[in-house]
Each structure stands twice: as structure tokens, then as C-alpha cells.
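No hydrogens, no waters, no symmetry mates; every other heavy atom, side chains included, goes into these values. Please read these numbers as outputs of a predicted model, since none were measured by experiment.
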Amino acid sequence: MLNVNQVIEPKNRLGDIRGGAISFLVAVPLCLGIALASGAPLFAGIIAGIVGGLIVGIFSRSALSISGPEAGLIVVTLGAIQTLGSFPAFLLALCIAGLFQIGFGFAKAGNVSNFFPSSVIKGMLAGIGIMLIIKQLPHLVGYDADAAEGLVLFQPNGFDLNEQLRMAMSQFSLTAILITVVSLTVFYVWERPSFKRQAFAKNVPAALVVVVLGILTNEFMKLMAPQWALSGNHLVQLPVSDSVEGFFKLFTFPDFSQWNNPMVYSSAIAIALVASLEALLAVEACDELDPLKRKTPANHELKAQGIGNVISGLIGGIPLTSVIVRSSVSINAGARTKLAALLHGSLLLVCVVTLPAVLNKIPWASLASILLVTGYKLARIDIFKSTFAEGPAKFIPFCVTVLAVVLTDLLTGIGIGMVTGVFFILRDHYRNTHQVRTEWDSDIKRIHVSLGDYVSFLSKARVMKLLKSIPDNAIIEIDGSQSSYIDSDVVTAIQNFGIGAKQRNIRLIFRPSPNADLPPVFNSSDTGKSHRKNSEFHLHGQINTAAVGR
């Protein structure tokens, strides 16, 4: 639940206000665009944004994550609406999906987030940053057909980014380009060290100045050269009601008569799984961006997201989840507590009721400039340099994740990055099974083998390869005293080697961990009893050791 003391801490308040205000401005068109692309009423996107900011903001323990509609949920939402045949039936599925998410939280399914390597999370953020940059290019010159901002280069309906860029180049808007130039200039000036020290720059966010200047520029063009002014889908398009009755007609309620429809439950499971995974990835990414490096309890987050989706479904919203785009916009603007998320949701609620006409004057070019700068901060070159410095095992999964996110979609990209990351983890585990040191004692070769901390069955092949390379008349010492676990398959391999060691005059010494739970010792029938002294097995042409880690 909400930690009031954290939220109202004075030193955080100004940054949180800036973060909530800027993320609200970015969220308005994205909520509308995602609803449109999902085949839902436009107002359903705004409802999900309000619920994500206020309801999830209250119940979540994430300090910086902001929830709402997310482009990754478009496909599953559109498919569910088409399958169920009506939006009210879909809302029932969404309510049930929220209950599933709450169940996931109680079942502690959120712990899956602990298995995502940091290189993959960084790659996801950088990939999203690159996609944000690429996707804003048409908007920067005045082509605003793809308002949903789906993070996919190649759309399933065949209308991909290549076509958008080609059409954008043939539909230049000088006013949009002017607004873009002014907006990017503002961001540049705000980042100058000399200007950042000014009180005005500290108290007024650059993104707010960008939005105000964008509105003023377009309004000036309406007066001076109406034919060049931006209108229609070049501006935010929020539903406007002319009365209180008209406003409440924008809400839709679930069709509970569909409770016995099996497709409702299959759709609910699909929504719950995708929304939950998106939420876990997003809060993990927000924790990476958090300057204070706080950790969000993943299982509690699933419960908060589930509550949000239940309420969103009850009052006519689309699915919501934690959204990295608006969360990162908020963080970049200075947010440090969840007050930013609460303010984000409150502003959506207030402005959609009282100021829709003002919001509908905001040019897309202004918002695209904000997202462009956010994308740059997520994918700046310093991130690539620092990850490269960590070595190939970190850098390659990072780069693969970036490319996969850019060339496919968010979830597919994460999956490909995870497979790559796991490959390098297994490779390093295989390579670090043991260390070998060789020395000569008179004319006898003595081989010292130090086993790693965790020797699993994956280490068996490398251990067997080492044992096969032992020359006749040698002494081999296998030191497992520092190992916390040695798999029984590895011990069996050592046992089998010891059986034939006598014929090759090989002396095998095995030192198991003194803390290991040792089962009965294996005894060779033709060599008499082995002896154990100081937790050490001395074996002359035989194996007499313990199968550790059965």
C-alpha cells in the first residue's frame, strides 16, 4: 500500500511533480492510440491510464513505475475482442485476468523476474530507446499516422516503419519541423551546465516548456498562415463530452452474462500472462533506472497490477501494466517517489473532465521530441561502452537483446536475449568447473585439480575429458573441499576412472568438502580397504569416495 511518508518527503516533491506532469502529457496520446489500435473505444485507453496511475499507484510498492495501457498488449487485446465478439464480453475477461494476476502474486510467481540477467534488462532498455528514436522520426516531420507508438518496426498488418518513413518524406509539414527544431533546442539548452545552474531550469522541466511552445507556435500559425497550421491527427485527439451525462456515456461495463463462455477464460489467461510478464520486466527495468537503486517486491507488484486490471475491466478500460516509456520519462524529469504516478493519474482524471479542449491543442511533434530525448537517454553510447567493458559474456547478450527488440517485438526480443544470456551462463559454468595446476615431483607428474563452488551434471563432460588426459604413473589430486555441491554424476565419473587407475599406476587423491553429506563409500573389491584421514581419500589404483549431492 501507499507509503505516505515517502511520498510527501519535501526534497522529492518538486521532482515528482515534474515527473508526474510530463509523464501525463506523454500518456494522453499514447493511451488514445493504444486503445485505437486495440479495437477498443478511445476513452477506454484514458480509463486504463487513470486506473494505472491512481489505483496501481496506491497498491504498488514500486517507487517509480507508472502503469497504464502498453503497446505490447495491443495484439492480445485486439485478438480477445475479436474472439469474444463484443467489448463488454472482453471487459469480463479483463476482470478475470486481474483475478488471475492476484493469484499469481499469492503463488509467488513474481520470483521469475530474478532470473533475468542484468545484461538482458539493459538490452531491453536500450532496444526500447532505439525504437523510440526511430518511431518518432515520422512525427518529427509531421506524419502522424501511427499514434499507438507500438514498439515494432514491422507491423503484422503490413504497414511497417519503412512505409511510414517513405510516406513521411513525401508529407513534410514545415510547422511540425519548426516545432521539432524549437523543442530539441530547448532540450539542448536545458542540458547546458551553465543553464542547469539557473533557478528557472531547476524548477521548470524542459518538457513542459516544449509542450507550451509547441501549442503557442501552432496557434501563431493559425493566425498568420492558417494553411500551414497543424490539425487533425497532427494534434492530440481526446474525446470531448458536452455534458455530464455525455461524459458518463463514455464508460462501458462488463457483460456478466458471458461468465459461462469458455473463450472468456482462455482470453483472460492470455491477458494475465502477457500483462504480468510485461509488468515484471518493466519494474525490473525501472529498478535499474532508479538513482536510489530500490528493489520492487515482484509478487506484490503482480497483486497491484491485478487489482488495477479488475477495476479497469469493471469501468470500461483496456488492460494495463507497468510501462517503461512513461516511467522513464518521469524518472528523467526528476521523479523519485510514487507521488509522480499518483499525480500522473490525477492529472489524467482532472484534465479529461475539465480541459480536453486544451489538451487537444498539443502537437504530436512536441510529444515526439520528448520521446526522442527519452529514447536517447535509454540508449546512449555510454551504456554500450560500459557493457562492452564487462566482457563478451555481458556484451553479446546485451547486443542480441537490443537487435531482437528492435527487429521483432518486446517479448520476443526478451526471449531471444534470455536464450543468449543462458547460453553464456552455461558456457561460463562449463569453463569454470575446475582449475588445473601441474608440477613435477622427481620424475612423477603431479596434477592438482581444484573443483568450483557448484559442480553440476553439466560439468561431467569436462571432468571426464580431464581424467582421460591423465598420463600413466601420475598423481592426481582432486580438491573439492571448497565445493558447496558436487553432483553424483561427477562423482560417478571419478569412481569409474579410479576403477581402472590401478592398471595405469595412477594415484588418485580426492578431498571432498568436510560439510558435504557423504553417502556410503564405494570400495574396490581387489584392493582392500581405503583409509580416510583429515577428510581426504588416498586411492592407489582405485576409487574410494563419496557421491556428493545426490
Can you tell if the side chain of Leu64 reaches within under 4.5 Å of the side chain of Leu289, non-hydrogen atoms only? no
What's the spacing between Leu371 CG and Leu140 CG if we round to 0.5 Å? 9.5 Å
Nearest 0.5 Å, what's the CZ-CD1 distance between Phe90 and Ile271? 4.5 Å
Do Ile331 and Arg336 make a side-chain contact, defined as non-hydrogen atoms from C-beta onward lying under 4.5 Å apart? yes
Between Phe384 and Phe398, does the ring centroid distance fall short of 6.0 Å? yes
Side chains of Asp16 and Leu343 in contact at under 4.5 Å (non-hydrogen atoms): no
Ignoring hydrogens and geometry, is there a side-chain-to-backbone donor-acceptor pair from Asn332 to Ser328 under 3.5 Å? yes
Assess whether atom OH of Tyr376 is packed by more than 12 heavy atoms of other residues, nucleotides or ligands within 6.0 Å. no
For Val56 and Gly52, the nearest pair of non-hydrogen atoms, with its separation, is CB-O, 3.3 Å
Does anything in residues 112-131 pair up under salt bridge (charged side-chain N to carboxylate O under 4.0 Å, His left out), and if so which pairs, sequence neighbours excluded? Lys122-Glu390
Test of understanding: with side chain to side chain donor-acceptor pair (under 3.5 Å), list the residues that count as partners of Ser266, not counting sequence neighbours. none
Among all residues two or more places apart in sequence or in another chain, which pass the salt bridge (Lys or Arg N to Asp or Glu O under 4.0 Å) test with Asp287? none
Can you confirm whether Leu73 sits close enough to Val274 that some side-chain heavy atom of one is under 4.5 Å from a side-chain heavy atom of the other? yes
Ser183: which residues meet the side chain to side chain contact (heavy atoms under 4.5 Å, CB included) condition with it, sequence neighbours left out? Ile179, Val210, Ser366, Ser369
Should we say atom CZ of Phe106 is surrounded by more than 12 heavy atoms from elsewhere, each under 6.0 Å from it? no
Leu273/Leu277 under side-chain contact (heavy atoms from CB on, under 4.5 Å): CA gap, chis, key distance, verdict: CA-CA 6 Å; Leu273 290 175; Leu277 183 55; over 6 Å; no
Should we count NZ of Lys108 as having more than 12 external heavy atoms under 6.0 Å? no
Which residues share a side chain to side chain donor-acceptor pair (under 3.5 Å) with Arg192, sequence neighbours left out: Tyr188
I'd like to check Ile315 versus Val51 (side-chain heavy atoms, cut-off strictly below 4.5 Å). Are they in contact? yes
Under 3.5 Å donor-acceptor, Ser330 side chain and Ala335 backbone: no
Between Asn218 and Thr175, is a side-chain contact (heavy atoms from CB on, under 4.5 Å) present by the stated rule, with each step listed? CA-CA 7 Å; Asn218 194 50; Thr175 302; 3.9 Å; yes
Quick one: salt bridge (Lys or Arg N to Asp or Glu O under 4.0 Å) partners of Glu278, sequence neighbours excluded? none
Exercise: identify the closest heavy-atom pair between Leu235 and Pro363: CD2-CA, 3.7 Å
What residue among Pro392, Pro397, Cys399 forms side-chain contact (heavy atoms from CB on, under 4.5 Å) with Phe395? Cys399
Distance col, row Leu359:CG vs Leu25:CG, nearest 0.5 angstrom, shows 7.5 Å
Rounded at 0.5 Å granularity, tell me how far CD1 in Ile58 sits from CG in Leu54. 6.5 Å
Sorted by chain and residue number, the side chain to side chain donor-acceptor pair (under 3.5 Å) partners of Ser276 (sequence neighbours excluded) come out as Gln101
I need the Asn309 CG to Leu320 CG distance, nearest 0.5 Å. 4.0 Å
Within the 4.5 Å heavy-atom criterion, are Thr401 and Thr420 side-chain neighbours or not? no
With sequence neighbours excluded, what pairs up with Leu213 under the side chain to side chain contact (heavy atoms under 4.5 Å, CB included) test? Val182, Val186, Val209
Residues pairing under salt bridge (charged side-chain N to carboxylate O under 4.0 Å, His left out) where one sits in residues 373-385, two or more places apart or in two chains, turn out to be Glu191-Lys377
Show the numbers, then the answer: is there a side-chain contact (heavy atoms from CB on, under 4.5 Å) between Leu230 and Ser173? CA-CA 8 Å; Leu230 300 176; Ser173 168; 3.2 Å; yes
Restricting to non-hydrogen atoms, name the atom on Ala333 and the atom on Arg18 that form the minimum distance, rounded to 0.1 Å. O-NE, 3.0 Å
Once rounded to the nearest 0.5 Å, what's the spacing between atom NE2 of His344 and atom CD1 of Ile66? 5.5 Å
Which atoms form the tightest heavy-atom contact between Ile370 and Ala207, and what is the distance? CD1-CB, 3.8 Å
Can you establish whether the number of heavy atoms outside Phe195 located under 6.0 Å from its atom CZ is more than 12? yes
Side chain to side chain, Met124 and Val120, heavy atoms closer than 4.5 Å: no
In chain order, what residues pass the side chain to side chain contact (heavy atoms under 4.5 Å, CB included) check against Val323, with sequence neighbours excluded? Glu70, Val325, Arg326
Compare every heavy atom of Gly39 with every heavy atom of Ile81, then report the nearest pair and how far apart it is. CD1-O, 3.9 Å
Strictly by modelled atom types, are Gln305 and Ser67 linked by a side-chain donor-acceptor pair under 3.5 Å? yes
Do Phe24 and Cys351 make a side-chain contact, defined as non-hydrogen atoms from C-beta onward lying under 4.5 Å apart? yes
In sequence, state the C-alpha distance, the side-chain angles, and the governing distance for Glu284 and Leu280, and then conclude on side-chain contact (heavy atoms from CB on, under 4.5 Å). CA-CA 6 Å; Glu284 187 78 14; Leu280 293 175; over 6 Å; no
I'd like to know if the side chain of Ser38 pairs up with that of Thr77 as donor and acceptor (distance under 3.5 Å, no hydrogens or angles considered). no
Holding to salt bridge (Lys or Arg N to Asp or Glu O under 4.0 Å), I want the full list of residues that pass it with Lys222, two or more places apart in sequence or in another chain. Glu219
Residue list, side chain to side chain donor-acceptor pair (under 3.5 Å) with Thr321, at least two apart or on another chain: none
Tell me the closest heavy-atom pair linking Leu91 and Gly313, and the distance in Å. CB-O, 3.5 Å
According to the interplanar angle, ranging from 0 to 90°, do the rings of Trp364 and His139 count as parallel (below 30°), tilted (30 to 60°) or perpendicular (above 60°)? parallel
Just by distance, do the side chain of Lys338 and the backbone of Gly57 share a donor-acceptor pair under 3.5 Å? yes
Taking the side chain from Ser60 and the backbone from Glu301, do they hold a donor-acceptor pair closer than 3.5 Å? no
